[in-house]
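Remarks on the structure that follows.
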There are 2 protein chains.
Amino acid sequence: METVEEKNINDFETLETISVDCVIFGYDDNKLKALVRRETVPYNGEIHLEWKLPGNHVRRDETIDATASRILKEQTGLENIYVKQFMVFSNPNRLRLREQDFVWVKPRLRDERVITVGFYSLINVSDVDNSMLIEDAKWENAYEIKELMFDHNEIYDEAFKKLRYDLLHEPLVFELLPEKFTLTQMQKLYEAIFNTTYDKRNFRRKVNKMPYLIPLDEIQSGVSHKPARLYSYDRDIYEKTRTERFDFRM
Amino acid sequence: METVEEKNINDFETLETISVDCVIFGYDDNKLKALVRRETVPYNGEIHLEWKLPGNHVRRDETIDATASRILKEQTGLENIYVKQFMVFSNPNRLRLREQDFVWVKPRLRDERVITVGFYSLINVSDVDNSMLIEDAKWENAYEIKELMFDHNEIYDEAFKKLRYDLLHEPLVFELLPEKFTLTQMQKLYEAIFNTTYDKRNFRRKVNKMPYLIPLDEIQSGVSHKPARLYSYDRDIYEKTRTERFDFRM
DNA sequence: ATAAAAATGTGTTTTTTTTACACTAAGCTC
DNA sequence: GAGCTTAGTGTAAAAAAAACACATTTTTAT
């Protein structure tokens, strides 16, 4: 993925003590997934296969949000993706929590610290051209993430926690859904994220109060049952009607 | 405040491209306040007085949370204070948004970027020994913060927004209150933060549902009216009874 | 064409939570 | 002890949340 030339360019342009790691969430097959990528790590004379979160260093001229968007582009081919920083990880030993990971760190950085900013991002998996997905990347069930390098399990857990938290206050589900979707798809997504089930009638009553959820004059096609109505999300209406509900409710 | 010797030590030990800026909130005189500090900036042949948020660089061996705690100690003399990171500010031009600020930046850093991690912290102002408060620090009404250097107004606004957001989900008020407090003090604090008023009976009904709010067998003293019952916060009970209410409520 | 299968779409009742609202009680000061 | 100041308390109405079941529409198989 990273060619030697790219590495050299990066070496020159990046702030090496600051990186960005991304937890990329996607929704597919009624399940919430996250993207992990494989690295080959020579250790003890053997090649180990280890998994990590996609990440990269911050370039001299970009904000960290731009770094995150760049990582998204590299990993999925997609642009204009929702990315959100959620936490900085700054344990001075974070790269050497496990001996076998540390050999992976570029020698030049072994005496340095790398502080990383955790981002999560939300994509609609059906937008991803799988040929764009790099060979060493893999979608994992969000509830069954394996052991990752460095402190990446901690980063992942915090990302997932933050995602659930944010989902209750912002219309983030729509970032994970296709442009046109049914209410059942939307409900199943909530259920996948919160690992529970909801009553269909109550769910619909609730989401029908969202003024930015637009029913379309269009129905599902290609399904072998009664086709459902399609809906879309209107971001402008959300922006206009959002009232900062930062109130202590009585 | 910073002596020359301290500066030299810091130069040696810190990661200069990463800093921490703290918005220190305190509650006093029924008002929510924030701490700002004055800097003298020579510009255009004159000495300008400018205000900024307290901040510092990250030392080589400490986490950013430790940096924030260190800043708190320096500014207020207090230890074991609640600090919380809320956002990274990484605009490459963030130190040169205003010409008069940029001359304040150490010459060595002018060709560098400094990425800063924003923290907010909550203290009980009555704990602060005002002789510990450094000369150039000042408490400002949280709703009337003046123009600050660099991007510090942006940092401040995000901190305040995040504080209100977090206050709805975590028992942070108790960090701002003295160890023993009355329900009226607690209510006035909520009112100061959310800039509103609540009905006394409804407020009490609501907070009385918090199992970690402990009524004491003790009443207020030194007031010229009926003394109120004192309450305290039991963090252990909170930890034990907290149910991650990360649920999409139906 | 008809029956079976699969998912859509809809209403009511009960319970819980939120809101609005006003007076008496207790201690302090003069 | 009169007056001041804040503490402390209950009820009714409205709104929101929860629990719960069946008829409808389309496709597919026979």
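Only this structure's heavy atoms are used, side chains among them; waters, hydrogens and symmetry mates stay out.
- The nearest whole Å value for the distance from the CG atom in B/Asp199 to the P atom in C/dC23 is 14 Å.
- If you measure from atom NZ of B/Lys206 to atom P of C/dT17, you get 10 Å, rounded to the nearest angstrom.
- What you find for A/Tyr27 and A/Ala192 is that their closest heavy atoms are CE1-CB, 4.1 Å.
- Taking the six-membered ring for Trp and thresholds of 30 and 60 degrees, A/Tyr238 and A/Tyr212 have ring planes more than 60 degrees apart, a perpendicular arrangement.
- Of the residues B/Tyr231, B/Tyr190, B/Phe181, B/Tyr82, the one that meets the ring pair (Phe, Tyr, Trp, His ring centres under 6.0 Å) test with B/Phe174 is B/Phe181.
- Geometric assessment of A/Arg164 against the ring of A/Phe160 yields a positive cation-pi assignment under the 6.0 Å and 45° thresholds.
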Using the 3.5 Å cut-off, write out each protein N or O paired with an N or O of nucleotides 4-10 of chain C and the distance between them.
{"from": "C/dT8", "atom 1": "OP1", "to": "A/Thr184", "atom 2": "OG1", "distance (Å)": "2.9"}
{"from": "C/dT8", "atom 1": "OP2", "to": "A/Thr184", "atom 2": "OG1", "distance (Å)": "3.3"}
{"from": "C/dG9", "atom 1": "OP1", "to": "A/Arg229", "atom 2": "N", "distance (Å)": "3.1"}
{"from": "C/dG9", "atom 1": "OP2", "to": "A/Arg204", "atom 2": "NH1", "distance (Å)": "3.1"}
{"from": "C/dG9", "atom 1": "N7", "to": "A/Lys200", "atom 2": "NZ", "distance (Å)": "2.8"}

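- Atoms OH (B/Tyr198) and P (D/dG8) sit 20 Å apart, rounded to a whole Å.
- A donor-acceptor pair under 3.5 Å is formed between the side chain of B/Asp199 and the backbone N or O of B/Asn202.
- A straight line from NZ of B/Lys209 to P of C/dT16 spans 12 Å, rounded to a whole angstrom.
- The cationic group of A/Lys146 lies under 6.0 Å from the six-membered ring centre of A/Trp51 and within 45° of the ring axis, placing it in a cation-pi geometry.
- The distance between the ring centers of A/Tyr165 and B/Tyr165 falls below 6.0 angstrom.
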Give me the distances for all protein-to-nucleotides 12-14 of chain C N/O pairs that come in under 3.5 Å?
{"from": "C/dT12", "atom 1": "O4", "to": "A/Arg205", "atom 2": "NH2", "distance (Å)": "2.9"}

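- When only modelled atom types and interatomic distance are considered, B/Thr67 and B/Glu62 share a side-chain donor-acceptor pair under 3.5 Å.
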